[in-house]
Amino acid sequence: MIPVNRPLLDGNEKRYLAECVDTGWISSEGPFVRRLESGFAAFIGRKHGVAVCNGSAALDLAVAALRIGPGDEVILPSLTIISCAAAIVRAGAKPVVVDCEARTWNMDPSLIASKITPRTKAIMVVHIFGLPVDMDPVLALAKQHGLWIIEDAAEQIGQTYKSRSVGTFGDAATFSFYPNKHITTGEGGMVMMDDGHLASRCRDLRNLCFGNERRFIHEELGWNFRMSNVQAALGVAQLERVGGFLERKRQLGGWYNALLAGHPMLELPVDNAGYARNIYWVYGVVLKESVKFDAREAIARLRSRGVDSRHFFWPLHEQPVLRRMGLFDGEHCPHAERVARRGLYLPSGLGTTQDEVGESAEALKAILV
Ligand SMILES: *Cc1c(COP(=O)(O)O)cnc(C)c1O
């Protein structure tokens with residue numbers, strides 16, 4: 001079976017992990033955590049990075065640190081991971097969704113304005129798959145209405161929008177270092193910002209809000225969202241090679257594009273959106289209407305040919321857990337609904353070989369006839 005993702009861990013990963021064991025620094029107190037925070041902040045171009053145990057926790061921290069809570073609304077795309085909505089709902093605030101664009105699968109900025117109310121506090125921008133959200137109109141709306149921007153950049157480490165680094169647009173930006181992201185720590189993530197107060201608030205919230213005067217007296221409830229030195233050791237080794245990783249991803253995307261170009265039954269990712277070139281976090285395709293079955297059937301057929309693939313996200317406004325909370329009554333997002341049912345992504349990890357791309361593309365063509 002060709003796996004949908006295989007990470008590349010053949011740099012200094014082993015050496016740095018051995019250093020953790022040899023020195024005994026395995027908790028979050030170890031030196032690699034600070035090294036990853038400052039190294040990644042320099043790479044993205046932000047003043048502060050707060051390393052956490054995963055990208056979902058990073059979203060919880062960002063929402064809590066901006067003091068978003070009961071009575072507040074946050075606008076976000078319907079086509080995204082549940083973590084985005086979970087962070088908003090757990091803070092006691094209300095998620096308000098917009099549909100995605102037909103071709104980039106990113107939130108459609110032209111749909112945001114009509115969702116803004118006096119209760120709106122923030123826009124949670126999520127860069128999906130390989131292209132960033134069209135940020136200029138989002139920035140203009142946020143400025144006009146005095147809204148925070150929370151930027152989920154988990155899938156777009158190293159991407160740019162009009163030459164500006166993705167992850168520098170949000171008042172708080174979040175990243176994930178899960179093994180299918182552009183760099184990995186196994187499990188891990190980061191919240192980034194330029195504001196020093198927001199950074200120290202995130203550090204407090206990450207670490208149970210221990211008291212400053214007396215450690216065990218707490219003024220607020222936080223979490224233990226700390227990243228360990230062992231995780232950060234992997235991240236430091238990965239960050240050393242991030243430039244090559246990005247090239248590799250674009251190469252993979254290029255191979256798929258060449259093999260699948262012009263296929264009458266497939267909608268391929270947009271390679272160049274003008275404001276950005278696709279970074280191919282994963283290589284997604286959407287089955288056109290002429291295909292008589294949906295993504296679920298395509299994934300099963302690919303599996304029977306030895307190729308592992310995955311669904312796109314399922315829209316937030318169709319999530320049973322959120323609907324049961326009384327959210328999204330009567331909501332429709334036709335593009336998100338369509339690509340959720342007809343979209344799938346193919347093996348496209350950093351360790352995926354050119355042969356595997358070839359076999360996967362062939363298998364896809366074969367199941368469509
Ligand atoms: C991966 C991902 C996350 C969550 O990251 P975890 O580290 O798996 O918790 C959040 N948002 C998006 C868009 C992601 O792709």
Side-chain angles (χ1 to χ4, degrees), residues 4-5 7 36 40 44 49-64 74-91 95 97-98 100 104-107 122-133 135 138 149-159 161 166-167 169-170 172-192 202 206 223-228 230-232 234-235 238 245 249 269 278-284 310-316 319 336 339-340 343-345 348-350:
V4 78
N5 177 57
L36 182 62
F40 196 68
I44 297 299
V50 180
V52 291
C53 53
N54 58 64
S56 303
L59 285 162
D60 280 299
L61 270 198
V63 170
V74 179
I75 297 171
L76 78 169
S78 187
L79 193 77
T80 185
I81 191 167
I82 193 73
S83 314
C84 298
I88 296 163
V89 168
R90 287 197 181 114
V97 295
V98 297
C100 59
T104 68
W105 313 323
N106 268 313
M107 81 190 295
I123 302 170
M124 184 182 278
V125 165
V126 188
H127 308 293
I128 293 291
F129 287 6
L131 286 169
V133 171
M135 287 305 298
V138 180
I149 291 184
I150 300 167
E151 187 184 8
D152 181 347
E155 301 176 1
Q156 310 230 347
I157 295 170
Q159 177 61 293
Y161 171 81
V166 161
F169 292 94
T174 64
F175 287 89
S176 164
F177 305 131
Y178 190 71
N180 65 359
K181 308 296 157 98
H182 289 102
I183 67 169
T184 184
T185 59
E187 301 286 349
M190 204 175 288
V191 194
M192 317 206 75
C202 280
R206 166 182 72 176
W223 296 271
N224 177 355
F225 281 167
R226 301 183 302 256
M227 176 188 276
S228 78
V230 180
Q231 293 165 304
L234 276 174
Q238 291 264 296
F245 288 171
K249 281 283 189 174
N278 206 310
I279 203 174
Y280 299 104
W281 168 60
V282 293
Y283 191 88
R310 292 280 185 284
H311 285 282
F312 282 17
F313 294 121
W314 195 249
L316 295 177
Q319 292 291 351
V339 301
L344 63 148
Y345 66 86
S348 39
L350 286 162

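Both backbone and side-chain heavy atoms feed into the values below; hydrogens, waters and symmetry mates do not. Whatever order the structure lists them in is the order used to number ligands and atoms, beginning at 1.
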Decide yes or no on side chain to side chain contact (heavy atoms under 4.5 Å, CB included) for Met124 and Thr80, but give the supporting numbers first.
-> CA-CA 11 Å; Met124 184 182 278; Thr80 185; over 6 Å; no
For Trp281, which of His127, Gln156, Lys181 qualifies under side-chain contact (heavy atoms from CB on, under 4.5 Å)?
-> Lys181
In Å and rounded to the nearest 0.5 Å, what is the OG1 to CG distance from Thr185 to Leu36?
-> 7.5 Å
Which residues satisfy the side-chain hydrogen bond (donor to acceptor under 3.5 Å, both in side chains) test with Tyr280, sequence neighbours excluded?
-> Asn257, Asp271
Heavy-atom closest pair, residues Trp223 and Asp60 = CH2-O, 4.1 Å
Output block, N or O contacts of ligand 1, threshold 3.5 Å exclusive:
from, atom 1, to, atom 2, distance (Å)
ligand 1, 5 (O), Ser176, OG, 3.2
ligand 1, 7 (O), Gly55, N, 2.7
ligand 1, 7 (O), Ser176, OG, 2.7
ligand 1, 9 (O), Gly55, N, 3.4
ligand 1, 9 (O), Ser56, N, 2.8
ligand 1, 9 (O), Ser56, OG, 2.6
ligand 1, 11 (N), Asp152, OD1, 3.4
ligand 1, 11 (N), Asp152, OD2, 2.6
ligand 1, 15 (O), Glu155, OE2, 2.6
ligand 1, 15 (O), Lys181, NZ, 3.0

Does atom OH of Tyr178 have more than 12 heavy-atom neighbours from other groups under 6.0 Å away?
-> no
